[in-house]
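Working notes for the structure below.
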Amino acid sequence: MLFESAIPVNKATYESWTAREKPLENDLILTREAPVGQIAKIGASQRVCLRQRTVLLRPNKDIVDPRYLLYALMAPATQELMHSMASGSTVPHLNIKEVRNLSLDNFPPLATQQAIASVLGALDDKISTNVRTAEVSADLAEALYVRESQSGNGCWSQVTLADTARWLSGGTPKTSESSYWGGDIPWISAASLKSPWVDDSDRRVTKLGAENGTRLIPKGSIIFVVRGMSLTSEFRIGLTQREVAFGQDCKALLPAPGIAPETLFLALKSRTPEILRLVDAAGHGTGRLSTDRISNLRVLLPKGPTAANFSRTVGPLIEQACAMRRENRTLAELRDTLLPQLVTGKIRVKDAERIVEDAT
């Protein structure tokens with residue numbers, strides 16, 4: 001997994017923060033706090049600054065393969081060990097001494113390390129390719145929307161967002177009620193809405209939970225964040241791929257008859273800069289997008305035969321992006337299954353190679 005930075009800095013800050021040591025390609029970055037144990041490898045041509053909650057690991061390439069060390073640190077046993085070593089009741093953290101003393105048992109010879117890393121890396125490479133394919137498909141769909149909606153051919157009209165859909169608010173089932181949680185219905189929150197293709201979440205509710213404190217929306221609904229820290233810099237919006245529940249920090253739109261969900265989704269997503277300008281500060285670094293303000297936004301939608309034609313054009317692009325996301329989930333599950341077995345020697349590299357070949 002390559003390192004991905006969410007906070008860019010200018011050249012002066014980069015030079016200042018890296019005065020003592022510049023992270024290099026194949027170095028690893030390990031988080032020591034909030035959260036403990038996240039790990040990533042720096043890729044070619046990446047320039048990275050380290051924050052105080054991270055530590056830089058530079059593998060000794062004579063005895064350890066950088067990619068293998070990455071996977072060894074990702075292994076469940078190692079993650080469990082790091083979390084058990086972390087101290088602090090409010091915010092658990094690892095100190096540098098604990099990282100240095102971290103014991104990694106059963107390190108195989110370098111050639112075996114490289115073989116294991118190659119097998120697991122093939123899955124991550126496929127995942128990265130799928131991510132790029134999905135991004136290109138989504139970008140192309142949005143570009144087609146912008147081009148067609150601004151063509152001036154008279155087949156598109158401005159509509160107030162309030163009139164395009166049924167608007168719904170969400171909620172949170174009582175967290176202390178165990179019968180409400182751990183079901184098979186994804187519960188979408190401002191924190192979990194990270195993909196435009198919504199079909200899963202790190203938290204799930206039961207049918208009973210969905211009936212007590214939250215709301216279900218069907219496939220083809222548009223959901224977006226209306227309150228949260230993310231709103232200060234990004235507008236998180238998604239198109240549901242299955243029935244989901246959602247929290248009070250999100251708003252859901254059920255498109256009116258005759259309005260294709262994917263078209264309304266693109267209409268909103270393409271207006272991201274304007275929508276962000278509607279965000280108010282709600283204190284403590286939280287942004288708030290009031291319904292009154294965004295519901296008055298005017299969007300361009302196709303009418304007549306153009307509506308159906310446009311939907312048929314962008315539909316396959318969106319479906320391809322969704323398919324890539326579904327495949328990546330399967331590939332990641334396979335990687336996470338093989339990882340501890342390869343690291344501990346419970347499965348042979350040749351057997352894992354056959355499994356990966358069939359999957360990719």
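Just so you know, these numbers come straight off a predicted model, no measurement behind them. Computation of the quantities below employed the complete heavy-atom set of this structure, encompassing side-chain atoms and omitting hydrogens, waters and symmetry-equivalent molecules.
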For Glu319, enumerate each residue passing the salt bridge (charged side-chain N to carboxylate O under 4.0 Å, His left out) test, keeping only those at least two apart in sequence or located in another chain. Arg326
Step by step, work out the side chain to side chain donor-acceptor pair (under 3.5 Å) result for Asp292 and Ser290. CA-CA 5 Å; Asp292 288 343; Ser290 72; 5.6 Å; no
Spatial distance of atom CD (Gln114) from atom CG (Asp65) [nearest 0.5 Å]: 5.0 Å
If we ignore angles and hydrogens, is there a donor and acceptor under 3.5 Å between the side chains of Arg325 and Asn328? no
Backbone of Phe107 reached by a side-chain donor or acceptor of Gln113 within 3.5 Å: no
Of all the heavy-atom pairs spanning Val225 and Arg227, show the shortest one and how long it is. CG1-O, 3.5 Å
Backbone N/O of Pro108 and side chain of Thr112: donor-acceptor pair under 3.5 Å: no
Ion pair check, Arg329 and Asp199, cut-off under 4.0 Å: yes
When clusters are formed by joining ILVMFWY residues with side-chain heavy atoms under 4.5 Å apart, either directly or through shared neighbours, do Ile63 and Leu24 land in the same one? no
With under 30° as parallel and over 60° as perpendicular, where do the rings of Tyr145 and Trp156 fit, or are they tilted in between? perpendicular
For the side chain of Thr214 and the backbone of Pro173, is there at least one donor-acceptor N/O pair under 3.5 Å apart? no
Report yes if some heavy atom in the side chain of Asp184 is under 4.5 Å from a heavy atom in the side chain of Arg204; otherwise report no. yes
Within the 4.5 Å heavy-atom criterion, are Val198 and Phe246 side-chain neighbours or not? no
I need the Arg298 CZ to Asn296 CG distance, nearest 0.5 Å. 9.5 Å
Hey, mind stepping through Leu239 and Ile223 against side chain to side chain contact (heavy atoms under 4.5 Å, CB included) and telling me if it holds? CA-CA 6 Å; Leu239 181 62; Ile223 183 170; over 6 Å; no
Is it true that a side-chain atom of Gln38 and a backbone atom of Val36 form a donor plus acceptor pair closer than 3.5 Å? no
Nearest-0.5 Å distance that lies between atom CD in Glu353 and atom CD1 in Ile347: 10.5 Å
Check for a donor-acceptor pair, side chain of Ser195 on one end and backbone N or O of Trp197 on the other, with a separation under 3.5 Å. yes
Measuring from atom CG of Leu140 to atom CD of Glu135, what distance do you get when rounded to the nearest 0.5 angstrom? 13.5 Å
Tell me, with the steps shown, if Tyr180 and Val205 meet side chain to side chain contact (heavy atoms under 4.5 Å, CB included). CA-CA 6 Å; Tyr180 292 170; Val205 297; 5.9 Å; no
Verify the cluster assignment for Phe224 and Leu300: are they in a single hydrophobic cluster under the rule of side-chain heavy atoms below 4.5 Å apart? yes
Quick one, Ile96 and Arg32 - any side-chain contact, counting heavy atoms below 4.5 Å? yes
I need the minimum non-hydrogen distance between His93 and Glu33, along with the two atoms involved. CB-OE1, 3.6 Å
Looking only at the side chains, is there a donor atom on one of Arg53 and Thr31 sitting less than 3.5 Å from an acceptor on the other? no
Would you say Met82 ends up clustered with Val99 if hydrophobic residues are merged whenever their side chains have heavy atoms under 4.5 Å apart, either directly or through other cluster members? yes
Does the side chain of Asp124 come under 3.5 Å of the side chain of Tyr71 through a donor N or O and an acceptor N or O? yes
Looking only at non-hydrogen atoms, find the nearest pair between Leu56 and Arg58 and report the distance. CD2-NH2, 4.0 Å
Side-chain donor or acceptor of Thr344 paired with backbone N/O of Pro340 under 3.5 Å: yes
For residues Ser270 and Glu142, is any side-chain donor paired with an opposing acceptor at under 3.5 Å? no
Would you call Ile355 and Leu338 a side-chain contact if the rule is heavy atoms closer than 4.5 Å? yes
Point-to-point distance, once rounded to the nearest 0.5 Å, from NZ of Lys207 to OG of Ser179: 14.0 Å
Check the pair Val136, Thr133 against side chain to side chain contact (heavy atoms under 4.5 Å, CB included), reporting the backbone distance first and the verdict last. CA-CA 5 Å; Val136 169; Thr133 300; 5.9 Å; no
Atom CD of residue position Glu80 - does it have more than 12 heavy atoms of other residues, nucleotides or ligands inside 6.0 Å? no
Contacts of Glu234 that satisfy salt bridge (charged side-chain N to carboxylate O under 4.0 Å, His left out) - sequence neighbours left out: Arg236
Test Ile39 against every option in Leu73, Leu69, Ile29 by the side-chain contact (heavy atoms from CB on, under 4.5 Å) rule and name the one that passes. Leu73
So, Asp27 side chain and Pro23 main chain: donor-acceptor pair closer than 3.5 Å or not? no
Checking side chain to side chain donor-acceptor pair (under 3.5 Å) for the pair Thr172/Gln248: CA distance, chi angles, key distance, verdict? CA-CA 7 Å; Thr172 305; Gln248 62 270 26; 2.6 Å; yes
Applying side chain to side chain contact (heavy atoms under 4.5 Å, CB included) to Ile222 and Ile237, what does each step give before you reach the verdict? CA-CA 7 Å; Ile222 290 93; Ile237 180 172; 3.8 Å; yes
Using a strict 4.0 Å threshold on nitrogen-to-oxygen distance, state whether Glu274 and Arg271 make a salt bridge. yes
Arg293/Asp280 salt bridge by N-O under 4.0 Å criterion: yes
Are side-chain N/O atoms of Asn26 and Lys41 paired as donor and acceptor at under 3.5 Å? yes
Could you check if a side-chain atom of Val244 sits within less than 4.5 angstrom of a side-chain atom of Asp200, using non-hydrogen atoms only? no
When you measure from the centre of the six-membered ring of Trp181, is the NZ or CZ of Arg203 closer than 6.0 Å and no more than 45° off the axis? yes
Using atom types as modelled and distance alone, determine if a side-chain donor or acceptor of Thr129 lies under 3.5 Å from a backbone N or O of Asp125. yes
So do the side chains of Ser169 and Lys251 get within less than 4.5 Å of each other, counting heavy atoms only? yes
Please check if the number of heavy atoms outside Met85 that lie under 6.0 Å from its CE is greater than 12. yes
Heavy-atom check, side chain of Thr240 versus side chain of Ile217, under 4.5 Å: yes
Keeping Thr206 on the side-chain end and Gly209 on the backbone end, is there a donor-acceptor pair under 3.5 Å? yes
Please table the atom pairs, donor to acceptor, closer than 3.5 Å between any side-chain atom in residues 253-266 and protein atoms at least two apart or in another chain.
residue : atom : partner : partner atom : Å
Glu262  : OE2  : Ser311  : OG           : 2.3

Could you report the tightest heavy-atom contact between Ile185 and Ala210, atom names first, then the distance? CD1-CB, 4.2 Å
If only atom types and distance count, is the side chain of Ser201 paired as donor or acceptor with the main-chain N or O of Trp187 below 3.5 Å? yes
CG on Leu144 to CZ on Phe310, rounded to 0.5 Å: 6.0 Å
According to a hydrophobic-cluster definition based on side-chain heavy atoms being under 4.5 Å apart (Ile, Leu, Val, Met, Phe, Trp, Tyr only), do Leu193 and Val131 belong together? no
Between Leu28 and Pro59, the two heavy atoms sitting closest are CG-CG, 4.4 Å
Report yes if the side chains of His83 and Pro92 come closer than 4.5 Å at any heavy-atom pair, otherwise no. no
So, for Thr286 and Gly228, which heavy atoms are closest and what is the spacing to 0.1 Å? CG2-N, 3.6 Å
